[in-house]
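Beneath this line is the structure, given in structure tokens, with notes to follow.
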Protein chains: 2
Amino acid sequence: MSIVDRKERDKQIRRNDILVAAEKVFAARGFHNANVSEIAKEAQYGTGTVYLYFKDKEDIYRALILKGLDDFFASVQERTLSLTDPVEKLKCFLAEKFRFFEAHKDFFKLYIVENNSLQSAFSSEREQECMDRHMRIFAIGAAIFQEGIDAGMFKPADPKELAFMFGGLSNYLMMKMVFDGSGGSIERKTDLVMDIFLNGCRKVDGKTQV
Amino acid sequence: MSIVDRKERDKQIRRNDILVAAEKVFAARGFHNANVSEIAKEAQYGTGTVYLYFKDKEDIYRALILKGLDDFFASVQERTLSLTDPVEKLKCFLAEKFRFFEAHKDFFKLYIVENNSLQSAFSSEREQECMDRHMRIFAIGAAIFQEGIDAGMFKPADPKELAFMFGGLSNYLMMKMVFDGSGGSIERKTDLVMDIFLNGCRKVDGKTQV
DNA sequence: TCTATTTATGAATCGTTATTCAATTTCGCA
DNA sequence: TGCGAAATTGAATAACGATTCATAAATAGA
């Protein structure tokens with residue numbers, strides 16, 4: 001058994017080496033400009049070896065997105081579950097999003113920047129898997145808004161729409177941060193987004209309040 | 001003169017035919033998957049003809065973005081200039097954004113979805129022109145927030161950051177609308193975004209208010 | 001109408017790169 | 001150590017598609 005086990009484990013290690021290299025190369029040059037031999041070289045393998053672990057170039061990309069989303073989902077789930085207050089949950093979700101993507105900037109680039117433009121071109125079996133993971137994460141946000149609405153804390157609105165906009169708001173702030181390094185600490189960005197999304201940017205004293 | 005003029009005018013017409021075709025093809029298949037002969041066929045010209053009007057494939061794409069942004073800028077500028085109240089300006093800007101992109105969905109796909117992933121790969125002379133136009137539009141938003149802050153209507157904050165997030169919020173709602181047709185009327189979407197961004201999604205009666 | 005000039009064409013070229021595969025190396029085992 | 005199986009390799013293949021260019025069509029002016 002030990003030998004079979006080790007082989008399997010080594011296989012996973014090699015597979016992972018390739019994924020790590022691919023993430024770097026894809027993020028640096030974009031899906032279309034990255035080439036497989038480049039990924040292989042980065043991972044210190046021969047070009048053909050890559051094809052022992054992945055069906056084709058797209059398969060590498062999908063596996064990468066899948067792994068990233070699974071990791072993100074797991075970490076959000078773990079931190080969010082113990083909380084009950086919707087506002088706290090939302091804040092925790094957001095902070096984790098900033099933390100995770102700041103720690104995985106390459107993944108962020110792939111996921112937010114590249115992914116959209118690839119959707120249309122591809123339709124592998126994995127495509128659906130990726131979409132499932134994406135929706136699962138989206139659903140966390142939508143559920144929190146639903147809870148908040150039910151609890152009378154948030155205005156009645158379509159929770160999916162809210163989750164969508166909340167995601168957009170935070171993604172854009174993250175983009176700014178990933179590309180030009182601005183935005184300040186995770187704490188600051190979290191508070192900023194929470195404040196805008198929950199309270200708005202309108203000043204609330206006296207006559208300017210509507 | 002008349003002959004020279006006509007030639008020039010015809011040239012512009014042909015150039016525009018190609019741009020119209022390219023917008024359609026790029027939006028449908030993405031920059032990398034679209035091919036030039038496809039664009040030529042869509043425009044009812046031979047492949048080589050395209051190269052009489054554009055330097056290369058990227059040049060077509062850039063010209064498209066440039067034209068779209070110029071049109072958008074002009075229409076926003078025109079409608080916004082006469083207003084004085086920052087909130088009204090913002091609302092007008094947003095409504096125009098929804099109106100414009102809803103009328104030019106293909107352009108929206110190119111600009112929002114494709115553009116990000118192409119930034120890194122390209123660096124033509126036109127690239128800078130596109131970025132200039134982009135910044136010019138962004139500046140309109142940032143200026144409105146600045147005015148609002150100065151007038152004491154908005155919370156003191158970095159107007160650029162606000163403009164960025166405001167853009168993200170509305171883009172995401174637009175994406176939803178462009179891709180699955182949801183979101184309701186322009187009026188409704190505008191009000192939704194304005195309300196969230198200005199007042200937040202928190203319910204403001206009694207104990208739930210902080 | 002006829003020639004010169006401009007414009008259009010799409011087949012051929014050329015470069016690129018994903019993918020394959022025959023040859024080689026490594027590994028497990030006796 | 002030596003044999004067969006499994007894994008690795010990177011050069012060769014094959015497909016694709018941007019760009020060019022020799023040829024043809026259209027046009028302007030005489």
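In what follows, every chain begins at residue 1, and chains take the letters A, B, ... in the order their sequences are listed.
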Item to check | Thr47(A) side-chain N/O to dT9(D) phosphate OP1/OP2 under 4.0 Å | outcome: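 For dT9(D), OP1/OP2 do not have a side-chain N/O of Thr47(A) under 4.0 Å.
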
[X] [atom1] to [N] [atom2], straight-line distance once rounded to whole Å:
X	N	atom1	atom2	result
Glu8(A)	dA6(D)	CD	C1'	14 Å
Tyr51(A)	dT17(C)	OH	P	12 Å
Arg15(B)	dA8(C)	CZ	P	14 Å
Lys7(A)	dC29(C)	NZ	C1'	11 Å
Asn33(B)	dC16(D)	CG	P	13 Å
Arg14(B)	dA26(D)	CZ	C1'	11 Å
Glu58(A)	dT19(C)	CD	C1'	15 Å
Asp10(B)	dT6(C)	CG	C1'	13 Å

Checklist entry - With a 4.0 Å cut-off on heavy atoms, is Tyr53(A) in touch with a base, just the backbone sugar-phosphate, or nothing at all? => result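 The answer is sugar-phosphate, as Tyr53(A) gets under 4.0 Å only of primed atoms, P, OP1 or OP2.
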
Checklist entry - Which of the following nucleotides, dA28(D), dA7(D), dA18(D), is nearest to the side chain of Arg6(B)? => result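 Nucleotide nearest to Arg6(B)'s side chain: dA28(D).
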
Item to check | Nearest-nucleotide comparison on DNA chain C, the residue closer to the 5′ end among Lys57(A) and Leu52(B) | outcome: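 The residue whose closest nucleotide sits nearer the 5' end is Leu52(B).
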
Item to check | Qualifying residue, where the test is ring-ring contact (aromatic ring centres under 6.0 Å, His included) with Phe108(A) and the options are Phe179(A), Phe101(A), Phe72(A), Phe100(A) | outcome: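 Single pass found, and it is Phe101(A).
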
Next on the checklist: Before we go on, tell me: are the rings of Phe107(A) and Phe26(A) under 6.0 Å apart, centre to centre?
Outcome noted: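 Here the rings of Phe26(A) and Phe107(A) have centres that are no less than 6.0 Å from each other.
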
Next on the checklist: Tell me whether Arg15(B) forms a cation-pi arrangement with Tyr53(B), defined as NZ or CZ under 6.0 Å from the six-membered ring centre and within 45 degrees of its axis.
Outcome noted: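 No - Arg15(B) does not lie over the ring of Tyr53(B) by the 6.0 Å and 45° rule.
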
Item to check | Note: Glu127(B)-Arg62(B) ion pair, threshold 4.0 Å (strictly below) | outcome: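 Arg62(B) and Glu127(B): salt-bridged.
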
